[in-house]
Visitor: 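Submitted below is the structure of interest, expressed as structure tokens.
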Amino acid sequence: MGITDELQQLRQRGVEAISAAPDLASLDAVRVEYLGKKGSLTAILRGLGGLSAEERPLVGRVSNEVRVALEEALAVRQADLAASALEARIGAETIDVTLPGRAHPVGSRHLIEQIRTEVIDIFLGLGYKIAEGPEVELDYYNFTALNTPPDHPARSLQDTFYVRDLSGEQADIEGESDVLLRTHTSPVQVRVMEKSEPPIYVLAPGKVYRRDIADPSHLPQFTQIEGLVVDEGITFGDLKGTLDHVCKAIFGPDRRTRFRPHFFPFTEPSAEVDVSCGICDGKGCRFCKGSGWLEILGCGMVDPNVFGYAGIDPERYSGFAFGMGVERIAALKYNIPDLRMLLEGDMRFLRQF
Ligand code: 2NL
């Protein structure tokens, strides 16, 4: 076979390889194979010098035609592949702006938080200030200053979480620590009384801790809201009027309240407040265990001894105080049978509120 036939065959193979190249990378490999420094056509052109003077012009011309033909075929294929690559990219990247957006799930505030805010707002409406304080408290503020003597059962290891310093030297003997997790938010109010002059109208919402085993009506940690009023001429009538208003604001205007005598170390006299049952309106049913009433808070007139600890003159001032459990109010308002359901985070339950 003559060298020009060889060149024509090379041209044919090259053109076929070019049109068969599936992408730009393989196309470039074909270009290198034929036209590169070590390519087949280049090899033939290099050999031109060894040909006779008669053969050289013909072979030279044909080689050049083959080179031009391959270069043209490469250019055409390259444009084709580039166009379809662009088309594929455009197709893949197309954004349909008419598609509906992805819906974000809308959250809501937890029931405990809703009621906490609701009660705070009722008292803000009465002109009270909100106060906060430490959850890790001194025994003095949690018990002593609240007229609760060292032998009171609430102080026992059974009822209170004591915080022990475990860093060696200062490690307390169990039960003798003077640092604890507050069992009520009263210490916040003691601190308010220490550093301010009456009139005091203050509300202290916050987390409190008691060494209870969780059951349908007890939680070892719960949210308490306490309130304290200290002013000249405050009477038990002010206490009754205030708490009756608050109960109606929380549960609805048709509910009634009653005050039952009780005992707290920090108030005298003391009372527990019941609200009429919302299921039977006081007639007695399963929800109120037949009594027609639901217990919702404790209260009383501040004991003069408590004023003494806080540096307030009990001859000039009198006051009332009260405390309620937010989880308990939530349970009463929404007929929740077990306080633990409020802490479990089960969305099927929480979504209802
Ligand atoms: C309840 C009862 C109560 C108080 C809390 C109080 C605070 C000061 C002085 C006097 Cl600084 N008293 N707080 C008084 C009576 C009852 O809470 O059942 N809480 C869940």
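Just so you know, these numbers use all the heavy atoms, side chains as well, and skip hydrogens, waters and symmetry mates. The first residue of the sequence shown is numbered 1, and numbering continues consecutively from there. Note that ligands are numbered from 1 as they come in the structure, with each ligand's atoms numbered from 1 the same way.
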Visitor: Has Asn142 got a side-chain atom pairing as donor or acceptor with Leu180's backbone, closer than 3.5 angstrom?
Guide: no
Visitor: Numbering the atoms of ligand 1 from 1, which are under 4.0 Å from a heavy atom of Phe322?
Guide: 3 (C), 5 (C)
Visitor: Could you state the interatomic distance from CD (Glu344) to CG (Asp338), rounded to the nearest 0.5 Å?
Guide: 7.0 Å
Visitor: Using a 4.0 Å cutoff against the non-hydrogen atoms of Gln189, which atoms of ligand 1 qualify?
Guide: 7 (C), 11 (Cl)
Visitor: Under 4.0 Å from any heavy atom of Cys299, which atoms of ligand 1 are there?
Guide: 15 (C), 16 (C)
Visitor: Under 4.0 Å from any heavy atom of Phe264, which atoms of ligand 1 are there?
Guide: 2 (C), 15 (C), 16 (C)
Visitor: Counting heavy atoms only, name the option from Gly298, Ala321, Ala310 that's nearest to atom 10 (C) of ligand 1.
Guide: Ala321
Visitor: Enumerate the atoms of ligand 1 whose separation from the nearest heavy atom of Gln224 is less than 4.0 angstrom.
Guide: 19 (N), 20 (C)
Visitor: Before you tell me yes or no, could you show the steps for Glu33 and Ser40 under side chain to side chain donor-acceptor pair (under 3.5 Å), namely the whole-Å CA-CA distance, both residues' side-chain angles and the distance that decides it to 0.1 Å?
Guide: CA-CA 7 Å; Glu33 189 186 332; Ser40 337; 5.3 Å; no
Visitor: If you count the atoms of ligand 1 from 1 in the order shown, which ones are under 4.0 Å from a heavy atom of Leu146?
Guide: 8 (C), 9 (C), 11 (Cl)
Visitor: Identify the closest protein heavy atom to atom 4 (C) of ligand 1: which residue and atom is it, and at what distance?
Guide: Phe266 CE1, 3.5 Å
Visitor: In Å and rounded to the nearest 0.5 Å, what is the CD to CG distance from Glu268 to Asn147?
Guide: 10.0 Å
Visitor: What's the verdict on ring-ring contact (aromatic ring centres under 6.0 Å, His included) for Tyr201 and Tyr128, showing C-alpha distance, side-chain angles and the deciding distance?
Guide: CA-CA 5 Å; Tyr201 290 78; Tyr128 286 57; 5.8 Å; yes
Visitor: Does a donor on one side chain and an acceptor on the other come within less than 3.5 Å for Arg109 and Thr117?
Guide: yes
Visitor: Is Leu297 in contact with ligand 1, taking contact as a heavy-atom separation below 4.0 Å?
Guide: no
Visitor: If you measure every N/O of Glu226 against every N/O of ligand 1, is any gap under 3.5 Å?
Guide: yes
Visitor: Look only at the side chain of Arg77 and the backbone of Ala21, and say whether a donor-acceptor pair between them is shorter than 3.5 Å.
Guide: yes
Visitor: Strictly under 4.0 Å, does any heavy atom of Met193 approach an atom of ligand 1?
Guide: yes
Visitor: I need the Glu194 CD to Ser196 OG distance, nearest 0.5 Å.
Guide: 10.0 Å
Visitor: Distance to 0.1 Å, residue and atom name: give those for the protein heavy atom nearest to atom 1 (C) of ligand 1.
Guide: Gly323 O, 3.4 Å
